[in-house]
Amino acid sequence: MTDSGHGNLLSVTDLRTYFETEDGTVKAVDGISFELKQGETLGIVGESGSGKSVANLSLMRLIPNPPGKIVSGSIVFAGRDVLKLSPREVRKLRGKRIAMIFQDPMTSLNPFMRVSKQLMEVTRLHLGHTKKQAREHAIKMLEHVGIPDARSRVDSYPHEFSGGMRQRVMIAMALSCRPELLIADEPTTALDVTIQAQILELINSLKAETGASVILITHDLGVVAGMTDHIIVMYAGKVFEQATTTELFERPGNPYTCGLLRSVPDPTDEQGKLYQIPGLPPDLAHLPPGCPFAPRCERAEEICRREFPPYVQLTREHYSLCHFASDVYTKSQAQEGNR
Amino acid sequence: MLRFIIRRIVVIIPMLFIVVSLTWGLIRLAPGNFYTGEKKLTPAIEKNLREKYGLNRPWYVQYGKVLWNIARFDFGNSLKYEGQSVNQILFRGLPVSATLGLSAYLLALFVGITTGTLAALKQNSWIDYASMVLAMIGISIPNFVLGPLLVLIFALNLFWLPPALWNGFPSKSIVLPALTLSAIYIAYIARLTRSGMLEVMRSDYIRTARAKGLSETQVVFRHALRGGLLPVVSFSGPALAFLITGTVVVERVFALPGLGNYFINACFNRDEPLIIGIVAFIAVTVLGFNLLVDISYGFIDPRIRY
Ligand SMILES: Nc1ncnc2c1ncn2[C@@H]1O[C@H](COP(=O)(O)OP(=O)(O)OP(=O)(O)O)[C@@H](O)[C@H]1O
Ligand SMILES: [Mg+2]
């Protein structure tokens, strides 16, 4: 995975998305930055509530307002700042150049509308298809994502498909206009394990075919291992670690990432006991002054509870938000050597 | 589907039986008779009357006759409006009630759905607050207060509209009664629409629709309204049935010759066949419209199968 010659398709800088709630301001995404090159796949990992979905909905300006608001930052997609576009221009991006697949295929399709109509809607809107063209295109897309008998099933309603098939329909819909960026928000979380692998495989092959960039969101590190070039680890609305996939798996530089890695089920482990990071994610409306992970961290010391940690650069593409980033990194390197 | 409809129609029969029996029983339990008036009748005349109308027969014969009449949908003659059959009176009153009811219904649907949708789309704006306060008022003011109030303002003070009486349709005379009648339905429908739309607008498939790049108008009209209006559908079927079968208070307040007004008169007059005729007719209509609503659900929501 070399990056020579390719520019950034997407470059997010200091993005902050807050929600005003009765409980106070929820800083769901608080100053994250990352870049995505053309044709690359970026994994975003983190526990529930860490801000993964909010971050990605922000990219498409789909944050419900009120209560949500993107308070600062820039999102430069293909050379233009999405946050500075008019609503009309944003709509031209959505579904055409940036497409999204959501977590729950059971509820993400309109239950009252035939699948054909839901698919045709996108290409008629963005590609100016006639009814007939759009219909043919819809059937072609369904065949493409592996729905058997696409021609006869295209007029079904969503409830007539299984969960896995519905997610395929969602993928067909997302890829209808050949987007440059595909955001898949936990596309397999709601599906059972065998189907999960099929769906990921499908996304992978379609990506290879269309050359699209992909952002793959998940809370399961196991899922992203084989599919991504880079990984961002999010916690409490912040990027805790950022590295290439191999680097992150082999030499993690953040205690939170280490915890996540330990909680990935290891098929070679005979005992099969699963590690879990102790405690719960913090309340984003009332964050303590220090490191938000400190109360749950094995490595935490006095300073962690007092001062917000620095964002330490470990190698050219490896960053970690931790007071002891270098220590953790060195230890990982040593462990890697032992193995 | 057909089996479902047949089953539902079969259920209507015992329900109708219960309604009619209760009505008949209540009329009989109440003291007095249709011929009891200001003037005391001589025993001879009273005996003649009782014989003529079969009141001297055992109660089960009279009750059986009532049921037999219902089964044939012929309720006999009115006791008060001499020489007129109950059916004739029904057909005279129904057009008035139905015209008024339907006008009020369409008004309620249009205004209720529009304000409810606007309130939901602009949640917590002044439109939202204003319309929900109005809806609250609409629900809490009884129509025997609202009717005279509107008459006072628009008829007796501003002279814009006639205060009462029926001039057919379309005419100015329908405006005030329709408004009075629809107020509470507007309020209910607005609230139902608002909560239904709020729920749908938060749902995942609306987010999907937005992520496709559809405009907000397209999102609302193509994707949201259908699901958002489901609660309104189940409310509006029975509502229509009640509205077109005559509304006692409003027809009384505006002196309109509809079923509701006939019904009150029939009660005052102890006009048993007319009372039972109107009650049976209303019961069948309400039950029928409920069935229609259930059937229409199947068309609106493809997930429902019978
Ligand atoms: N509409 C909203 N109003 C208030 N708070 C919200 C809203 N949407 C999200 N949040 C808050 O933002 C935070 C991040 O949520 P987000 O959905 O991005 O988490 P996530 O990382 O995607 O989690 P999951 O793995 O469960 O999908 C949460 O604390 C959540 O409570
Ligand atoms: Mg999420």
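Throughout, a chain's letter reflects where its sequence line sits, starting with A, and its residues are numbered from 1. Side chains included, hydrogens not; waters and symmetry mates left out as well; all remaining heavy atoms used.
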Chi angles and distances behind the side chain to side chain contact (heavy atoms under 4.5 Å, CB included) call for B/Arg210, A/Arg91: CA-CA 8 Å; B/Arg210 292 206 176 104; A/Arg91 288 204 300 269; over 6 Å; no

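If you tally non-hydrogen atom pairs under 4.5 Å between each of A/Leu62, A/Ile98, A/Val122, A/Asp104 and chain B, the highest count goes to A/Leu62. Comparing A/Pro111, A/Gly95, A/Ala174 by heavy-atom pairs within less than 4.5 Å of chain B, the highest count is held by A/Pro111. Per-residue heavy-atom pair counts under 4.5 Å with chain B were compared for A/Leu109, A/Thr107, A/Asn110, A/Leu93, and the maximum is reached by A/Asn110. Heavy-atom pairs under 4.5 Å with chain A peak, among B/Ser203, B/Gly213, B/Ala209, at B/Gly213.
In this structure, A/Phe102 and B/Thr208 have side chains that are in contact, with non-hydrogen atoms separated by less than 4.5 Å.
The residue from A/Lys96, A/Arg94, A/Met173, A/Met100 that alone fulfils the side-chain contact (heavy atoms from CB on, under 4.5 Å) condition with B/Lys212 is A/Met173.
With a threshold of 4.5 angstrom between heavy atoms, B/Arg222 approaches chain A through its backbone and through its side chain. Proximity to chain B (any heavy atom under 4.5 Å) is shown, for A/Ile101, by neither the backbone nor the side chain. Proximity to chain B is absent for every atom of A/Glu160, based on heavy atoms less than 4.5 angstrom apart. For B/Gln218, the part sitting under 4.5 Å from any heavy atom of chain A is the side chain, from C-beta outward, and nothing else.
Within the model, atoms CG of B/Leu214 and NE2 of A/His126 stand 7.0 Å from one another, a figure rounded to the nearest 0.5 Å.
Counting heavy-atom neighbours within 6.0 Å of B/Glu199 CD, excluding the residue itself, gives a total of 12 or less. Within 6.0 Å of OH on B/Tyr188 lie no more than 12 heavy atoms contributed by other residues, nucleotides or ligands.
When all heavy atoms are compared, the tightest approach of B/Gly227 to A/Phe112 is CA-CE1, 3.2 Å.
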